[in-house]
Structures are given as C-alpha cells and as structure tokens.
**Q** 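Take this structure first; my questions come after.
Since we're looking at a predicted model, the values are computed, not measured.
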Amino acid sequence: MRIAQISPYDLSYHGGVVAHMASLSKELARRGNEVVLFAPRSRPQTAPDVSDLEVVPLGGSVPFAAGGSVSRISMSVKAARQMQKVLTAERFDIVHIHEPLMPFLATTASWFSPWPTVGTFHAYSENIHPGYLAGKPFFTLVADKLHGRIAVSKAAKAYADKYFPDNYTIIPNGIDVPKFEQPSPRPSEFRDDAINIVFVGRVGEKRKGLRYLLGAYSTLRWRYPNLRLIVVGAGVPDRESYRMMGERGIDDVIFAGPVTDTELPGYYQHADIFCAPNTGQESFGLVLIEAMASGAPIVASRILGFEGVADHEQDALLFDVGDEYAIAKAIRRLIEEPDLRQRLVENGREKVQRFGWARVADDVIDYYHQVAANAQVPYATYEQRASSG
C-alpha cells in the first residue's frame, strides 16, 4: 500500500504522538509498504530518526499548551494548503491522521483527503475540553469525514467518544520490545550496593507527579540508608518539588537529565524499582510497558491510562494518586518481598509482547484493509487510481 502518515506535531521535537507515528511508519515500510510522512519540521534534524522514510516537511511550528504539557504544532494555512495539494494530486491507498481534530494540518487532511482516511485519537484528559465544546459543530463535521477511527486505549476512546460518539477501534501504542530486552550498560548514576529507584518523565510537568515520589522518598531513606532516587528526563523540578526538597532536606536525588533513546533502556534495566507517580491526563502507560520490557519491577499511580496497561498485584503495584504513604508502602513491599518483585517482572515480560510493533502493525494493517474496503470515496478518486496505475 501507499500510505500517508500525517502528524500535526513538529518532527524536530520529542513527543509521544511523533514517536508513535515514526515507529509505526518504519514497521509499515519494513513490510514493503510505501510510507510518506507529512508533518511540521522546524529543523533539518528530527527527534525520532526518520531518515529512511520519505518526509514532506510542512514548515515550522509554535508552542501549544494542552493537557498539562506543551506541544509544537503548525498554525500555517500555507502549509495546510501545501499538504492538501499533495494529497489530492497523488495516489494513496490510506491516509492516516494522528490527532485528526488538531488544527490546522490534521483538520485540513481530515476534511480534504479524497482517499480512505483513518484518524487515531491519542489524547485523554479528566478535564472538560473547552475547544471541543465551543467548536463542536465544526469538529463533528471534520470527524464525520473520517472513514475509520482508532483510539490508543480505553481512556482515549472514552475521551473521544464523549465529544464525538462513533465506533472506535482500540489499537494500542507500540514499543520496540527487543530494544528494551537487549542488555544495556549500567548508567554511571547506579551503584551496586544501593537500592536504585528510577523515575522517567518530563521533570517540570506537575502531572508526572515527581513531588509525590520525593515525599515518599524523604521518609523511606531513613529506613533504607542505601536508597537512591534517580530522575531521568528533561526540565527542572517544579516549585512544589523544590519546596519539598528544601523543607525535608532532600539533597541526594540524582537528576540524570534527558537521555538518548539508546541510553534509556539501561536506566529501566538496572532499576531495582521503577516508579511512575503520574497524577492523570495520560491516555496510555508507555513508560510502564517500556519498564516491563526492560524487566523492571513497577509501582505506579492508579490512573485510567495506566490501568489499561498494568494489573495490580499481577505486573505492577498500583497506588492512589498523590498518596505519599501509599507510594512508600508499595516501594517498601518490593524492597522486602523479592518473590513479589520477581513475579511482577515475569508477568510484565509476558504481557508486554502484545505491545510489540510486529503485533500492533498487524492490527493497524488489518484495520486499513477493513476501512479501504468499506470507504465511500468520490468517483473521481477511482479515475485517479486507474490513471496512476
């Protein structure tokens, strides 16, 4: 198939949707499909490596705050028209739009694509989306142009269906399981004689919940003097985290900063415990399946996005959001119960296989064929197909 993959987010910046689209595109291309990426690209280099794929760069981007984080999207009408021109002039068997209601590129592609078109809904939030409410008539018209809808999780499906009811097929995010299974060197921040707790996430974002892990760590380290907390991710702690570290005399946290995709598996693999204290707004537990593939025992918040990935007492210990005592109790159990730790790891390694790109891509391709078979496209499109061979 010839497949257009469209992202409203800038390829030059790390982000979950961009990483998902890039990895899916590589797997589709590996199977012999012709894949063309459409996305903003403000710099020649890209955050995920897509050098082996055909890319149609669509100008720069501007920062956009949503869901507790900042993304970079294109607001260029010129870029949207450029993309529209290519989509209508060239033949595609499937147009796959990630976040199809995000302006301007995604909404333009959703509205004007003359080919069978699939939209993947990645987002989730506990909050009301004012934009969806204010622009619901327009966004409903855009969504109705899609021939198929994918949600990456039950959480994402519930969120999209609340505003734009329809049939959503759940196909999860994927990861490169072998990359996280392949043994990696131990990062320099780890010590053999320590209990190494690892946090991975954008440090300054409140929804990642670092301050609650810091609170639990401040009590645990007196009971376990060899405890270490290693924080992996870009940014600096928020004001509340700084205040807590000052008030409780926490001066031994290791901030590793951002690490490369090649280095990341080593942090999971050498963690004695991985902790994800996120407070919400997560549609999918990507860090949890990365940790599972790496063989790390997991403690994590009981939020909808994580519950779609992890089962309490089976492959993770889940705790209530923002409960420092519950976090400390879960970590203490894993320190003192090696059999539990091993059981969680073994179950996690087994479960994570369903999130490998080989299986996820199978599901996506099957869905493409289903949509293409049922899509009603204009007669002119069939003439274009015939003339293009």
**Q** Tell me the closest heavy-atom pair linking S301 and P277, and the distance in Å.
**A** OG-C, 3.0 Å
**Q** Does a donor on one side chain and an acceptor on the other come within less than 3.5 Å for Q84 and T108?
**A** no
**Q** Looking just at side-chain N and O atoms, do Y9 and H98 make a donor-acceptor pair shorter than 3.5 Å?
**A** no
**Q** Between the side chains of R207 and E282, is the shortest nitrogen-to-carboxylate-oxygen separation below 4.0 Å, so that they form an ion pair?
**A** yes
**Q** If the threshold is 4.0 Å, N to carboxylate O, is there a salt bridge linking E346 and R343?
**A** no
**Q** Looking only at side chains, do R211 and S241 share a donor and an acceptor under 3.5 Å apart?
**A** no
**Q** Mind listing the closest non-hydrogen atom pair of S7 and P40 along with its distance?
**A** O-CD, 3.4 Å
**Q** Do Y168 and F121 have ring centres separated by under 6.0 Å?
**A** yes
**Q** Looking just at side-chain N and O atoms, do E290 and Y268 make a donor-acceptor pair shorter than 3.5 Å?
**A** yes
**Q** Can we say R228 and E189 salt-bridge, meaning some charged N sits less than 4.0 Å from an Asp/Glu carboxylate O?
**A** no
**Q** Test the R43-Y13 pair against the cation-pi criterion, namely NZ or CZ under 6.0 angstrom from the six-membered ring centroid and within 45° of the ring axis.
**A** yes
**Q** Taking 4.0 angstrom as the limit, do R202 and D238 come out as a salt bridge?
**A** no
**Q** Tell me whether D315 is salt-bridged to R349, with the criterion being a basic N under 4.0 Å from an acidic carboxylate O.
**A** no
**Q** Within the distance-only criterion (no hydrogens, no angle test), does the side chain of N33 pair as donor or acceptor with the backbone N or O of V35 below 3.5 angstrom?
**A** no
**Q** Identify whether the distance between the nearest side-chain nitrogen and carboxylate oxygen of R302 and E313 falls below 4.0 Å.
**A** no
**Q** Examine F164 together with Y132 and report whether their ring centres are nearer than 6.0 Å.
**A** yes
**Q** So, are R243 and E247 salt-bridged, with charged N and O less than 4.0 Å apart?
**A** yes
